[in-house]
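The basis for the numbers below is simple: all heavy atoms, side chains too, and nothing from hydrogens, waters or symmetry mates. Quick caveat, the model's predicted, so the values are computed rather than measured. For this chain, numbers begin at 1 and follow the sequence in order.
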Amino acid sequence: MSSWAGRGKFKDQPTGRRYFSNSEEMAAGTSAKLRSLKRGVQEEEEGGGKFEEEKSFEEESAKKQKKQKKLAQSLMEIDNLNSLKAKNIKAKNVDEVFKDVISRPISTASIALTAMQDAMKPQKQTVLIQDENQLFENSLRTLLEELVVQAVTEEVPVMHLGRLTGPEDDGRGLVTRLLDIVLYLCERGHVEGGMVFQLLEDLTEVSTIKDCKEVFGYIEGKQETLGKPELFGRGKLVMLRTCNQLLRRLSKANDVVFCGRILMFLAHFFPLSERSAVNIKGIFNTSNETKYEKDPPADAGVLLDFNFYKIFWSLQEHFCNPAYLVQYPARWQAFSTSLATVLQTFEAQPLGDEDESSSHLDEEDDATFNIKYLTSSNLLSLELKDPGFRRHILVQCLIVFDYLKTPGKTEKEGPRESLREEVKTHEEHVRKLLEITPPKGKEFIAAIEHILERERNWVWWKRDGCPPFERVVHERKTVQDSKRRTRWRLGNKELSQLWKWAESNPNALTDISRVKVPSVLEYWKPLAEDMDPAAGIEPEYHHKKNRVYCWKGLRFAARQDLEGFSRVAEQGIEGVVPLELLPAEVRAKLHGKNLERAKQKGAKKEEEGVASVVSADDSQLNGRGAMVDTAQDMEDAQTIIPDSIPPPDAVNLSTNERPDEEETGKASETASKSKMKEEFSRSDIPASSLSNDTKSESRGTVRKRAHPDL
């Protein structure tokens with residue numbers, strides 16, 4: 001039995017035929033391999049016909065597939081062509097619409113959105129999607145390039161191209177109006193925020209240095225708008241790249257002012273937390289080398305002058321990298337010796353007032369001012385007479401001294417003690433020379449010291465790792481949430497801080513001006529205002545709700561107002577407030593009963609005082625009659641006393657004791673009689689009444705002797 005098998009890499013085409021013997025052929029001892037050549041050729045011819053039929057069918061199917069692929073490719077090309085035509089049409093619309101818009105002096109807010117919608121016809125009414133943003137940006141970049149080429153052709157500054165003249169002039173050209181429109185769209189979110197930054201970068205790349213100054217003036221004028229969060233996040237890297245490219249193109253010697261403008265803009269545009277321009281490691285610009293003559297010229301007059309020339313300009317090598325002065329003591333010695341020589345030369349050639357006019361720089365001369373002086377040996381004598389030149393050298397010395405005085409992170413990085421003393425000596429010498437250098441030497445040294453003080457703060461900030469200036473507002477946690485509360489040395493943060501201040505200032509706690517105890521009236525005035533109904537203060541905001549305030553007030557009342565302090569038990573904290581501070585209504589309502597009681601007590605005391613005065617006057621006027629009445633009472637009592645005297649046994653008195661008692665009674669009578677005489681001698685009572693009084697007194701004595709209880 002024969003069969004087709006063994007299909008190879010191309011599955012549609014067979015690789016050959018194989019013959020297999022059946023069971024009958026194997027039993028007869030024959031094999032399918034033993035065939036004649038003729039039979040094999042015939043079978044191959046038959047098989048070849050079948051193969052050709054299959055091959056023709058496969059070729060037809062392959063041709064159909066190729067036709068289908070070509071048809072699909074043609075359809076795709078047609079679609080791409082249609083889209084390309086649409087993009088070209090839109091790009092043409094952008095050019096036409098915006099050229100027409102920027103040629104008219106119309107306000108940006110009224111025409112920007114309408115121009116974008118007319119040019120792009122976006123799917124969304126006011127916002128472009130991603131593809132539309134890209135197409136719009138490419139069209140604007142092409143338009144901007146055309147405007148720059150037109151300005152170069154007309155030999156007009158780029159920012160002044162198309163500027164109107166006469167009363168219609170608004171101070172803007174075609175490029176300025178185009179940038180204003182794009183900036184307005186970016187600010188309102190109609191297009192991508194980084195589009196305006198990309199246009200500014202393209203404009204600076206294709207403009208000359210003179211035109212770049214005007215372009216950068218436009219950037220400085222729009223700094224606040226460009227720095228908004230919605231624009232800054234999209235374009236900060238583009239703006240940084242633009243400024244760096246400008247700095248690379250500028251000359252450090254001829255374009256000093258423009259470089260300073262760019263650096264100041266970057267310092268204001270980027271926040272303080274931005275660390276891209278921070279020299280954290282403190283690496284010095286060692287590439288800034290000052291080249292000077294090493295060998296004396298052939299026509300040198302005096303060798304000493306050239307030696308001073310080499311010493312003077314060799315200081316720039318030490319100024320270039322001050323870190324070596326601390327690391328290598330030999331370099332510090334060479335620097336100290338050279339500096340002392342230069343300072344002595346400056347002091348030997350003082351500058352007078354006649355040089356003040358020549359040292360003054362007008363505003364027009366600032367444009368040609370260079371940051372580096374010429375180092376020719378023939379010019380040194382003239383440069384030493386220039387006050388500006390001398391100031392530059394002395395300020396460099398102060399900057400190096402300030403660096404050397406700043407302590408490092410470790411003790412090894414800091415300067416030695418001997419070096420600090422030498423630095424202090426040289427610094428005083430430099431300050432004296434700056435003060436005598438005209439013009440306005442003292443004002444100049446004060447400004448330099450202020451600048452160095454600010455620079456010292458920045459150095460400390462960088463040494464601490466540039467911590468952020470923005471303070472993060474932390475949510476207050478309850479006592480239950482916080483596992484462990486902060487423990488302070490003296491109970492709270494304020495007292496601990498006060499104690500730290502007292503360590504540096506021992507009189508901080510004992511100063512007399514700090515000790516101030518308010519009076520009771522002054523302290524209770526806020527609470528009295530709260531109690532006034534006319535004030536309209538809600539009860540929850542009253543001072544009586546403040547426990548610390550009430551506690552302090554009770555302490556003051558206990559020391560200064562005991563009467564008010566006694567009312568706290570009956571009327572509470574409001575009763576302690578002095579009556580002078582309370583309104584009439586509150587006073588009557590709170591202290592009405594107490595005031596009535598006080599008035600009643602006062603009235604009783606006044607009545608008792610009047611009665612006592614009247615009785616005293618009556619007793620003085622009627623003293624004699626009173627004495628007579630007393631004598632009559634004593635006589636009446638004499639008739640009663642004998643009947644009431646108990647028997648002798650009850651009195652328990654012996655006969656031997658009675659004479660003594662009688663003598664004692666006589667002595668007492670005489671003493672009382674003499675006393676009565678003295679009293680009556682002081683008064684106006686006549687002496688004739690003494691006999692009756694004496695009798696009454698003797699009777700009273702007898703009565704007391706008989707009855708001691710009476």
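Taking the side chain as every heavy atom from C-beta outward, His318 and Val400 never approach each other to under 4.5 Å. The side-chain heavy atoms of Thr437 and Ile445, taken from C-beta on, include no pair separated by under 4.5 Å. Counting heavy atoms from C-beta on, the side chains of Val430 and Phe401 come closer than 4.5 Å. At a threshold of 4.5 Å between non-hydrogen side-chain atoms, the residues Leu200 and Met239 count as touching. You'll find the side chain of Tyr549 reaches within 4.5 Å of the side chain of Pro526, heavy atoms only. Residues Leu527 and Leu581 are not in side-chain contact: their nearest non-hydrogen atoms beyond the backbone lie 4.5 Å or more apart. Phe197 is not listed as a side-chain neighbour of Arg234, based on a closest heavy-atom distance of 4.5 Å or more. Using a 4.5 Å cut-off on side-chain heavy atoms (C-beta onward), Ile448 and Leu398 make contact.
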Do Asp180 and Tyr218 pass the side-chain contact (heavy atoms from CB on, under 4.5 Å) test, and can you show the C-alpha distance, the side-chain angles, and the key distance before you say yes or no?
CA-CA 10 Å; Asp180 289 342; Tyr218 175 83; 2.7 Å; yes
Could you go through the side-chain contact (heavy atoms from CB on, under 4.5 Å) check for Phe319 and Phe284 one step at a time?
CA-CA 10 Å; Phe319 292 155; Phe284 293 93; over 6 Å; no
Given the rule in the side-chain contact (heavy atoms from CB on, under 4.5 Å) test, do Val520 and Phe565 qualify, once you have shown the distances and angles that lead to the verdict?
CA-CA 11 Å; Val520 175; Phe565 182 75; over 6 Å; no
side-chain contact (heavy atoms from CB on, under 4.5 Å) between Leu247 and Leu263, intermediate numbers included:
CA-CA 9 Å; Leu247 289 173; Leu263 294 176; 4.0 Å; yes
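The list of salt bridge (Lys or Arg N to Asp or Glu O under 4.0 Å) pairs with a residue in residues 535-555, not counting sequence neighbours, reads Lys544-Glu574.
Among all heavy-atom pairs drawn from Asn133 and Leu128, the shortest one is ND2-O, 3.1 Å.
Residues passing the ring-ring contact (aromatic ring centres under 6.0 Å, His included) test with Phe556 are Tyr523, sequence neighbours excluded. With sequence neighbours left out, the salt bridge (charged side-chain N to carboxylate O under 4.0 Å, His left out) criterion links Asp402 to Arg456.
Crowding of Arg241 atom CZ: a count of heavy atoms from other residues, nucleotides or ligands under 6.0 Å exceeding 12.
A distance of 12.0 Å separates CZ in Arg431 from SG in Cys397, rounded to the nearest 0.5 Å. Separating the CZ atom in Phe335 from the CG atom in Leu325 is a distance of 6.0 Å, to the nearest 0.5 Å. How far CG of Asn288 is from CG of Asn321: 12.0 Å, rounded to the nearest 0.5 Å. For the atom pair Thr126 OG1 and Arg188 CZ, the distance stands at 12.5 Å (nearest 0.5 Å). In this structure, Glu201 CD and Cys243 SG are separated by 10.0 Å, a value rounded to the nearest 0.5 Å. For the atom pair CG of Leu339 and CD of Gln396, the computed distance is 11.0 Å after rounding to the nearest 0.5 Å.
Tyr328 and Tyr324 have perpendicular rings, their planes meeting at more than 60° on a 0 to 90° scale where under 30° would count as parallel. Between His426 and Trp332, the two ring planes are perpendicular [angle over 60°; tilted spans 30° to 60°].
A donor-acceptor contact closer than 3.5 angstrom is absent between the side chains of His543 and Glu529.
For the pair Arg261 and Phe216, the NZ or CZ position fails the cation-pi test of under 6.0 Å to the six-membered ring centre and within 45 degrees of the ring normal.
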